Amino acid sequence: MDQDKIREGVRLILEGIGEDTQREGLLETPDRIARMCEQIFGGLTADAGTHLKKQFSAVNNNIVVEKDITFYSVCEHHLLPFYGKAHVAYIPDERVAGLSKLARTVEVYARRPQIQENMTAQIADALEEHLKPKGVMVMIEAEHMCMTMRGVQKPGSKTVTTIVRGVFAEDYTLQQTFLQMVKN
């Protein structure tokens, strides 16, 4: 990341809103924001495949669900946070990933400026590509600050996105099983 560009951009925004960039409370803000960007946008340089390489043999081919994976992301339209829970399921085809690797996969895609709909698909795509499962289902529930603190200003409203692939797309009962597992 270009730290100098980020610092200059923050200075310009502060000036643009009428702030004094030499005010004590703002003197180090451009540098703090530049360092913060390294963390919250770290997914731009990360590869989910790195995490999903760690796999194990599994005879049991039932649904694997990792639910309530907390994430924080940034809306690409307003550069405001959206945050919530991701629920990820797949049906293994003789190989499973370490459980933490599913959460790490969510994290890779959450740490990019984007929209929730794309994040949902990216997680499913990564699982399909690297695990080669029989099916994948991903659900994300999130609150968007672009809806709660600006615009329509509706705090507490949540956006829910889902994607189904493979046998989940073909079998409504599997979808219902996933949804029941997520609710409990």
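In this text the structure is predicted, and so the values were computed from the model without any measurement. The figures that follow rest on heavy atoms only: side chains count, while hydrogens, waters and symmetry mates do not.
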Discussion item. Closer than 4.0 angstrom, basic N to acidic O: yes or no for Glu8 and Lys5?
Written reply: no
Worksheet item: What's the spacing between Ile91 CD1 and Asp171 CG if we round to 0.5 Å?
Response: 8.0 Å
Worksheet entry | Short side-chain to backbone donor-acceptor contact, Gln116 and Ser73, under 3.5 Å | no
Discussion item. Does atom CD (Glu24) have a neighbourhood of more than 12 heavy atoms from anything else shown, all under 6.0 Å?
Written reply: no
Discussion item. Could you tell me if the side chain of Leu79 sits less than 4.5 Å from the side chain of Val74, heavy atoms only?
Written reply: yes
Response to the item:
OG1 (Thr120) and CD1 (Ile163) are apart, to the nearest 0.5 Å, by 7.0 Å
Worksheet item: Do Ile63 and Leu127 share a hydrophobic cluster, counting only Ile, Leu, Val, Met, Phe, Trp and Tyr and linking them when any side-chain heavy atoms are less than 4.5 Å apart?
Response: no
Worksheet item: Which atom names give the shortest non-hydrogen contact between Phe178 and Val88, and what distance separates them?
Response: CE1-C, 4.2 Å
Response to the item:
Output for pair (Asp125 CG, His130 NE2), nearest 0.5 Å, gives 9.5 Å
Worksheet entry | Phe56 atom CZ, neighbour heavy-atom count above 12 within 6.0 Å | yes
Discussion item. For Leu80 and His144: C-alpha separation, side-chain torsions, deciding distance, then whether side-chain contact (heavy atoms from CB on, under 4.5 Å) applies.
Written reply: CA-CA 8 Å; Leu80 288 171; His144 292 249; over 6 Å; no
Worksheet entry | Met139 and Lys85, any side-chain heavy atoms less than 4.5 Å apart | no
Item to complete: Compare every heavy atom of Ile115 with every heavy atom of Phe82, then report the nearest pair and how far apart it is.
Response: CZ-C, 4.3 Å
Worksheet, complete the sentence: Between Ser157 and Met147 the two heavy atoms that sit nearest each other are OG-CE, 3.5 Å
Fill in: Pairwise side-chain contact, Asp31 with Arg7, heavy-atom cut-off 4.5 Å (strictly under)
yes
Worksheet entry | Check: Ile40 and Tyr72 side chains under 4.5 Å, non-hydrogen atoms | no
Discussion item. Test your reading of the model: is there a side-chain donor-acceptor pair from Arg104 to the backbone of His51, 3.5 Å cut-off?
Written reply: no
Worksheet, complete the sentence: One should read off an interatomic distance between Gln55 CD and Lys101 NZ, to the nearest 0.5 angstrom, of 11.5 Å
Worksheet entry | Verify same cluster id: Val108, Leu102 (apolar side-chain graph, 4.5 Å) | yes
Worksheet item: Is the number of heavy atoms from other residues, nucleotides or ligands within 6.0 Å of CD (Glu94) greater than 12?
Response: no
Worksheet item: So, the side chain of Glu143 versus the backbone of Gly156: is there a donor-acceptor pair under 3.5 Å, distance only?
Response: yes
Fill in: Donor-acceptor side-chain pairing of Thr148 and Lys154 below 3.5 angstrom
no
Worksheet entry | Heavy-atom pair of closest approach, residues Met145 and Tyr83 | SD-CE2, 3.8 Å
Discussion item. Quick check against the 3.5 Å criterion: does Tyr90 have a side-chain atom that pairs as donor or acceptor with the backbone of Leu131?
Written reply: no
Worksheet item: How many angstroms lie between atom OG1 of Thr29 and atom CZ of Arg23, to the nearest 0.5 angstrom?
Response: 8.0 Å
Discussion item. Would you say that more than 12 heavy atoms from the other residues, nucleotides or ligands in this model lie under 6.0 Å from the CD of Glu28, or not?
Written reply: no
Discussion item. If I take atom CG from residue Asp47 and atom NZ from residue Lys53, how far apart are they, to the nearest 0.5 angstrom?
Written reply: 8.0 Å
Discussion item. Is there a continuous path of hydrophobic side-chain contacts, each under 4.5 Å between heavy atoms, that joins Leu27 to Ile17?
Written reply: no
Worksheet entry | Stepwise side-chain contact (heavy atoms from CB on, under 4.5 Å) check, Leu26 with Asp20 | CA-CA 8 Å; Leu26 294 177; Asp20 174 7; 5.8 Å; no
Fill in: Donor-acceptor under 3.5 Å (Gln175 side chain, Phe168 main chain)
yes
Practice prompt. Could you tell me which non-hydrogen atom of Glu141 sits nearest to which non-hydrogen atom of His87, and how far apart they are?
Written response: OE2-NE2, 2.6 Å
Practice prompt. Looking only at non-hydrogen atoms, find the nearest pair between Val10 and Pro30 and report the distance.
Written response: CG1-CA, 3.8 Å
Worksheet item: More than 12 heavy atoms of other residues, nucleotides or ligands under 6.0 Å from CE of Met149: is that the case?
Response: no
Worksheet entry | Side-chain touch Asp93/Lys132, heavy atoms, less than 4.5 angstrom | no
Worksheet item: Between Ile69 and Met181, is there a shared hydrophobic cluster once you connect ILVMFWY residues whose side-chain heavy atoms come closer than 4.5 Å?
Response: no
Worksheet item: Is Val160 reachable from Met119 through a run of hydrophobic residues whose side-chain heavy atoms are each under 4.5 Å from the next?
Response: no
Worksheet item: Are the side chains of Gln176 and Thr173 in touch, meaning some heavy atoms are under 4.5 Å apart?
Response: no
Worksheet item: Would you say Val167 and Pro133 make side-chain contact, with heavy atoms under 4.5 Å?
Response: no
